[in-house]
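Since the structure comes first, as structure tokens, the remarks are kept for the end.
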Amino acid sequence: MVKLLKTVSDVDSYLDQYRCRKAKIGFVPTMGCLHSGHLSLVEKALQNSDIAIVSIYVNPSQFGKNEDFSKYPRHPEKDIELLNKLGDTAVFLPDNEEMYLPDHKTWIEVSELSSRLCGQSRKGHFRGVTTIVAKLLNIVQPDLMFMGEKDFQQAVILKKMTADLNYKTKIICCPTVREENGLAMSSRNKYLTLEQKEKAASIYRSLQQAVRDYKQQKISTCKPVINRIISNIEANGGKTDYVEIVDSESLQPVETISSGSRILAAAYFGGTRLIDNIGFD
Ligand code: AMP
């Protein structure tokens with residue numbers, strides 16, 4: 001069964017019973033429109049904690065002015081139905097008034113990491129993410145927070161934030177769940193036509209090819225690898241925002257691929273911005 005919590009004080013009263021017996025609290029922050037990727041995190045939380053709490057909140061401050069905040073898909077009833085099938089969870093479903101005071105003035109920003117890659121074309125996005133996650137961590141005070149590798153930069157930034165700000169929560173990063181054709185599952189895939197979904201799978205296929213080339217043929221100079229990925233995406237009708245090969249901890253670009261490198265990519269298919277990434281280990 002799902003226990004529905006709408007306010008911060010609902011969360012406190014509900015979690016009190018777990019906190020006082022020092023039960024392990026597992027937390028999965030989401031924006032809802034849940035798919036198998038989200039559900040894999042909730043399953044991990046259920047396996048590794050005494051209580052799994054999921055937040056569903058479309059956070060306005062992480063969307064740019066021309067982004068899809070108002071049309072972002074929302075169907076909390078269906079989300080709750082899906083969660084109900086997984087077992088006993090609690091869902092925190094706050095409204096904007098609950099999450100932001102009218103005169104909200106405090107922002108959390110992880111410098112450098114937030115301005116690169118997705119931060120370049122989505123100015124202020126990560127500031128919104130870190131601020132809301134910091135607030136949610138203060139509200140839920142979980143032992144574990146489960147995040148998807150799909151949003152790799154986000155996970156790196158949040159790990160840095162929790163370390164810098166002495167949060168006790170440990171972040172567990174879980175593998176990306178994909179459609180059959182390899183496309184990373186995302187709530188935004190709802191914006192794509194079937195044909196666009198097929199073409200968008202070229203992102204992951206070209207990332208996989210780069211890893212194969214590195215492992216089988218020792219191709220490790222980044223520039224031509226990046227160019228090949230871009231050509232591949234664009235041959236499938238995509239418009240690349242960026243493709244970078246970076247050190248997976250610092251997110252700094254590298255010139256030569258090694259086992260600690262990761263390719264991060266963002267591309268538009270029919271106006272929908274999609275992201276994906278792959279490691280070389
Ligand atoms: P979102 O609702 O998009 O904010 O995502 C909430 C959490 O689910 C984040 O930690 C994401 O990284 C994770 N997530 C989203 N898509 C996937 C996926 N396809 N596989 C695994 N985790 C995912």
Side-chain angles (χ1 to χ4, degrees), residues 26-49 52-64 67-69 71-76 78-80 82-83 86 89 91-94 99 117-118 122 125-137 140 142 144-162 169-192 197 200-201 203-204 207-208 248 251 262 264-266 272-279:
F27 177 47
V28 182
T30 80
M31 297 205 297
C33 189
L34 302 182
H35 50 66
S36 305
H38 296 115
L39 299 180
S40 73
L41 305 183
V42 181
E43 275 169 349
K44 263 273 169 53
L46 282 165
Q47 286 157 13
N48 291 282
S49 340
I53 172 160
V54 180
S55 65
I56 296 181
Y57 179 60
V58 185
N59 171 36
S61 74
Q62 69 189 67
F63 287 79
E67 293 183 359
D68 56 343
F69 173 68
K71 74 163 183 173
Y72 195 85
R74 294 162 170 89
H75 42 67
K78 189 168 164 226
D79 291 343
I80 290 168
L82 288 170
L83 290 171
L86 297 187
T89 56
V91 175
F92 180 40
L93 197 86
M99 289 313 289
L117 302 158
C118 285
R122 302 190 71 190
H125 166 66
F126 287 117
R127 182 176 96 137
V129 170
T130 40
T131 301
I132 199 67
V133 174
K135 284 166 69 66
L136 288 166
L137 286 176
V140 176
L144 305 170
M145 175 164 69
F146 297 85
M147 317 225 66
E149 251 177 20
K150 192 216 149 217
D151 297 271
F152 191 80
Q153 184 179 12
Q154 170 174 282
V156 170
I157 289 171
L158 290 172
K159 277 185 185 162
K160 187 76 185 107
M161 179 191 85
T162 51
T169 306
K170 185 174 170 210
I171 295 181
I172 316 278
C173 231
C174 307
T176 302
V177 176
R178 300 178 178 281
E179 306 279 357
E180 246 171 61
N181 68 7
L183 176 65
M185 285 198 181
S186 160
S187 307
R188 290 191 169 96
N189 291 354
K190 288 231 166 4
Y191 302 149
L192 302 173
K197 272 191 186 173
I203 305 175
Y204 186 54
L207 300 184
Q208 281 180 305
S248 45
L251 299 183
R262 203 158 186 104
L264 273 67
T272 301
R273 189 172 179 282
L274 303 170
I275 56 171
D276 207 341
N277 64 87
I278 198 167

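First listed ligand is number 1; within each ligand, the first listed atom is number 1. Owing to the predicted nature of the structure, the values given are computational and were not obtained by experimental measurement. FYI, the numbering just counts along the sequence from 1.
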Residue portion contacting ligand 1 (non-hydrogen atoms closer than 4.0 Å) for Met147 =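 Both backbone and side chain.
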
For ligand 1, note which part of Leu41 has a heavy atom under 4.0 Å away: side chain, backbone, both or neither.
->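 Only the side chain of Leu41 comes within reach of ligand 1.
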
Would you check if the side chain of Ser49 reaches a backbone N or O of Leu46 as a donor-acceptor pair within less than 3.5 Å?
->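 A pair under 3.5 Å: no.
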
Okay, side chain of Asn277, backbone of Ala265: is any donor-acceptor separation there less than 3.5 Å?
->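 No, because the side chain of Asn277 does not come within donor-acceptor range (under 3.5 Å) of the backbone of Ala265.
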
Considering only heavy atoms, which of [options] lies nearest to [atom]?
{"atom": "atom 22 (N) of ligand 1", "options": "Gly148, Ala184, Pro29, Gly32", "result": "Gly148"}
{"atom": "atom 5 (O) of ligand 1", "options": "Met31, His35, His38", "result": "His38"}
{"atom": "atom 21 (C) of ligand 1", "options": "Ser55, Cys33, Pro175", "result": "Pro175"}

Cationic tip of Lys71 above Tyr191 ring, under 6.0 Å, 45° of axis =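 Geometry flag: set, cation within 6.0 Å and 45°.
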
When you measure from the centre of the six-membered ring of Phe69, is the NZ or CZ of Arg74 under 6.0 Å away and within 45° of the axis?
->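 Geometry flag: set, cation within 6.0 Å and 45°.
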
Salt-bridge test for Lys197 and Glu180: reply yes if a basic N is under 4.0 Å from a carboxylate O, no otherwise.
->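 Salt bridge absent between Lys197 and Glu180.
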
Quickly, which of His125, Arg273, Gln62, Arg122 forms a side chain to side chain donor-acceptor pair (under 3.5 Å) with Glu67? Name it, please.
->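 Result for side chain to side chain donor-acceptor pair (under 3.5 Å) with Glu67: Arg122.
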
So which heavy atom in the protein is nearest atom 12 (O) of ligand 1, and how far is it from that ligand atom?
->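 Nearest neighbour among protein heavy atoms for atom 12 (O) of ligand 1, to 0.1 Å: Asp151 OD2, 2.6 Å.
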
Give the residue and atom name of whichever protein heavy atom lies nearest to atom 20 (N) of ligand 1, and the separation in Å to one decimal.
->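 Going by distance alone, atom 20 (N) of ligand 1 is nearest to Val177 N, 2.8 Å.
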
Contact check, Ala155 vs ligand 1, heavy-atom distance below 4.0 Å =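 Checking ligand 1 against Ala155, which is what was asked, there is no heavy-atom contact under 4.0 Å.
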
Element-labelled atoms of ligand 1 that are located less than 4.0 Å from some non-hydrogen atom of Met185 =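 In order of numbering, the contacting atoms are 16 (N), 17 (C), 18 (C), 19 (N).
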
Atom pairs and distances, donor-acceptor, side-chain atoms in residues 30-37, under 3.5 Å, two or more places apart:
| residue | atom | partner | partner atom | Å |
| --- | --- | --- | --- | --- |
| Thr30 | OG1 | Gly32 | N | 3.0 |
| Thr30 | OG1 | Ser55 | O | 2.8 |
| His35 | ND1 | Gly37 | N | 2.9 |

